[in-house]
Amino acid sequence: MLQINFIKENKGQVINGLKIRNFADEDLAIVEKVIAIDEIRRSSQTELDNSLAESNRISKEIGNLFKQGKKEEADVLKNQVTELKTLQKNLSQKLNEAQDQMETELLNIPNIPHSSVPAGKLETDNEVYKVWGNELPEMDQEALPHWELAKKYDLFDMELGVKITGAGFPLYRGKGAKLQRALINFFLDEADVAGYEEIIPPHLVNEASARGTGQLPDKEGQMYHATKDDLYLIPTAEVPITNMYRDMIVSEKDFPIKLTGYTPCFRREAGSYGAHVRGLNRVHQFDKVEIVRIEHPDKSYDALKDMIKHVEGLLEKLELPYRILRLCGGDLGFTSALTFDFEVYSAAQKRWLEVSSVSNFETFQTNRLKLRFKDENGKSHLAHSLNGSALALARIMAALLENNQTAEGIKIPKALQAYTRFEMIK
RNA sequence: GGAGAGUUGGCCGAGUGGCUUAAGGCGCACGCUUGGAAAGCGUGUAUACUAGAAAUGGUAUCAAGGGUUCGAAUCCCUUACUCUCCGCCA
């Protein structure tokens, strides 16, 4: 959520930002609208405060009069306060309405894209920021997609998942399960070396947390909801981990705050059909190691670069060809100011699979979280929050299986062998 | 799931309707004192919104929300959380 004062003071920048996000001209009116609501909010607040100050003053006087035994004079004043109260009731109703309206409107305004975000509407307009690997691996005709490989080597079983739960809940077994666990440990160890504190958070969160990171109210349908206890299954570790700092004022010295955590992630999102959602390409439950950072506003873009380096390191150690995209205005998430997506190339499917998304939210999340820091003068400011996947397992696994298949079996990259304790899936 | 006791500032803790502008202590910051330090003394020490160029004001906040009252940390209701005991349980 943007701050109203920011919108007021940077109206042109906000409108330009919305244009990069392909807002239609008539929808840009939201900016003027929210500013107008703010005017009403402020004038109602001033009026109400003045009236409250008046009744506070009179009430004190009544107390004094009672002490002096001047009951009749006090009764006159009592009536005055009673009159003020009806006025105050109206004013505070007006104020609440304006506040609610402003909140509703503000929730509809996305984050302002960073100046480097390219214009564009579709995925195809994303800017290719970097490609790693000299050429894309070629597979011969017999190369199998990962769902075939899984059958051949008994690595995971979608049908059993259906039997136990439903579509999109994979069951990993044997070397498939071990590979999964190896990847989690590998990613966590790498994050540890890079200075991230490891967290094991709750996997269900309350409404306030879901609101804090922006899953509610706009993405309600994407989360599984345990209605009896009103808890949500987390769609990513970002939610519980970032919410550790909800309603907090940290000290400037605490920066950088670097956290990592492995959790399963649960996503209800209605999938489409066909090959691109087959196997592990899109599932309701997958594992992910997330990295989260809370940073000083001056340092957040350095932090973003650092996070990109970290994710690159992971993919290079896994020897997976990848590319990095800078998302265009049309593809950029609602809450993000700048996002880089990582895609690995799946040779057998002959397509790129998104495995990581690294974003700087600037103050968009921290405003809702009320996550602030005190500077050296004791003034508080909103911190910047960032997060990224490092990495999402299901698709990494898919690419590993496909790209490393040989006539003898599936080779495990060197960096992972210490974790799997096998070199080949046969 | 049942019964009881709680929730006050950065922390501890007093406070049963107006004398609370939340006592007192600890911590922290600054100053005085000192050769230097400690002790001592003094001053200051929350958040949000709001008015103002600023200095400085106003309002709200004693877990959260609602109510009673001219006036609520204090009385009433609802909810959340914490602790103790019982039940269930890996």
Side-chain angles (χ1 to χ4, degrees), chain A residues 1-9 34-107 200-212 216 225-232 240 243-254 257 294 363 365-383:
Chain A
M1 193 161 71
L2 292 176
Q3 297 169 93
I4 182 65
N5 286 335
F6 176 85
I7 296 177
K8 265 191 330 200
E9 286 158 24
V34 81
I35 291 173
I37 295 169
D38 183 54
E39 284 299 324
I40 297 171
R41 178 186 66 89
R42 277 172 31 236
S43 63
S44 320
Q45 166 125 34
T46 306
E47 228 180 310
L48 176 62
D49 283 358
N50 288 341
S51 177
L52 285 171
E54 176 75 0
S55 31
N56 284 344
R57 192 185 59 73
I58 297 175
S59 290
K60 213 162 270 176
E61 214 172 312
I62 293 172
N64 287 330
L65 289 173
F66 267 117
K67 261 178 269 165
Q68 295 164 30
K70 297 179 180 166
K71 188 169 176 310
E72 274 163 34
E73 283 178 47
D75 282 341
V76 176
L77 290 180
K78 271 194 200 181
N79 289 334
Q80 278 185 30
V81 177
T82 310
E83 272 170 48
L84 282 175
K85 274 176 85 174
T86 43
L87 175 75
Q88 285 159 13
K89 209 169 176 182
N90 289 333
L91 281 171
S92 71
Q93 203 181 342
K94 196 169 154 198
L95 177 64
N96 284 335
E97 271 170 28
Q99 264 165 352
D100 289 350
Q101 264 182 46
M102 197 168 77
E103 166 113 8
T104 310
E105 296 300 332
L106 284 176
L107 285 173
I200 300 181
H203 294 175
L204 282 85
V205 294
N206 57 28
E207 193 188 318
S209 295
R211 213 164 269 286
L216 291 179
H225 186 190
T227 49
K228 201 158 186 179
D229 297 292
D230 205 14
L231 297 172
Y232 295 86
N243 270 284
M244 289 164 64
Y245 286 88
R246 167 155 50 85
D247 286 321
M248 275 187 56
I249 300 180
V250 301
S251 153
E252 204 171 357
K253 311 192 280 286
D254 295 336
I257 295 169
I294 315 288
T363 60
Q365 263 185 344
T366 53
N367 186 30
R368 241 201 271 194
L369 286 164
K370 297 198 177 67
L371 165 47
R372 289 154 296 178
F373 71 93
K374 265 204 177 16
D375 66 20
E376 51 197 8
N377 300 319
K379 280 201 69 158
S380 47
H381 310 271
L382 292 174

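Naming convention: chains lettered A, B, ... in sequence-line order (proteins, then strands); numbering from 1 in each chain.
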Could you let me know what [N] is paired to, Watson-Crick or G-U wobble, both distances under 3.5 Å, or none if it's on its own?
| N | value |
| --- | --- |
| B/rA90 | none |
| B/rU68 | none |
| B/rC32 | B/rG40 |
| B/rA73 | none |
| B/rC85 | B/rG2 |
| B/rG24 | B/rC12 |
| B/rU7 | B/rA80 |
| B/rU47 | B/rA60 |

Expressed as a whole number of angstroms, how long is the span from [X]:[atom1] to [N]:[atom2]?
| X | N | atom1 | atom2 | result |
| --- | --- | --- | --- | --- |
| A/L52 | B/rU50 | CG | P | 16 Å |
| A/K78 | B/rG71 | NZ | C1' | 10 Å |
| A/Q99 | B/rA60 | CD | P | 14 Å |
| A/E61 | B/rC19 | CD | P | 15 Å |
| A/K60 | B/rU20 | NZ | P | 11 Å |
| A/N96 | B/rA48 | CG | P | 20 Å |
| A/L48 | B/rU59 | CG | P | 11 Å |
| A/K379 | B/rA46 | NZ | P | 15 Å |

Select base, sugar-phosphate, or nothing to describe what [X] touches, counting heavy atoms under 4.0 Å on all strands.
| X | result |
| --- | --- |
| A/S55 | nothing |
| A/R372 | sugar-phosphate |
| A/N64 | nothing |
| A/K374 | sugar-phosphate |
| A/I62 | base |
| A/I249 | sugar-phosphate |

Just to confirm, is there a sub-4.0 Å distance from OP1 or OP2 of [N] to any side-chain nitrogen or oxygen of [X]?
| X | N | value |
| --- | --- | --- |
| A/R41 | B/rU50 | yes |
| A/N56 | B/rC70 | no |
| A/K85 | B/rG71 | yes |

Which residue lies toward the 5' end of RNA chain B, A/L77 or A/S59, if each is placed at its nearest nucleotide?
A/S59
First encountered from the 5' end of RNA chain B, between A/K89 and A/N50:
A/N50
Rounded to the nearest 0.5 Å, what separates atom OG1 in A/T363 from atom CE in A/M1?
10.5 Å
Rounded distance (nearest 0.5 Å) linking atom CD1 of A/I294 with atom CG of A/L369:
7.5 Å
So that I can tick it off, tell me whether A/E54 and A/R57 are bridged by a salt bridge, with the cut-off set at under 4.0 angstrom between side-chain N and carboxylate O.
yes
Taking atom [atom1] in both [N] and [M], what distance in whole Å separates the two?
| N | M | atom1 | answer |
| --- | --- | --- | --- |
| B/rC83 | B/rC28 | P | 29 Å |
| B/rA73 | B/rA63 | P | 10 Å |
| B/rU79 | B/rG1 | P | 13 Å |
| B/rC26 | B/rG13 | P | 15 Å |
| B/rC62 | B/rC75 | C1' | 16 Å |
| B/rC12 | B/rA3 | P | 30 Å |
| B/rU82 | B/rC76 | C1' | 23 Å |
| B/rA22 | B/rG87 | C1' | 42 Å |

Which nucleotide in the set B/rG18, B/rU59, B/rU50 lies at the smallest distance from any side-chain heavy atom of A/R42?
B/rU50
Run the side chain to side chain donor-acceptor pair (under 3.5 Å) check on A/T366 and A/R372 step by step: do they pass?
CA-CA 7 Å; A/T366 53; A/R372 289 154 296 178; over 6 Å; no
Over 60° means perpendicular and under 30° means parallel, so classify the ring planes of A/F373 and A/H381, tilted if in between.
tilted
Neighbour count above 12 (heavy atom, 6.0 Å) for A/I200 CD1
no
Heavy-atom count around A/K370 NZ within 6.0 Å, excluding the residue itself: above 12?
no
Close side-chain approach of A/L107 to A/R368, heavy-atom, < 4.5 Å:
yes
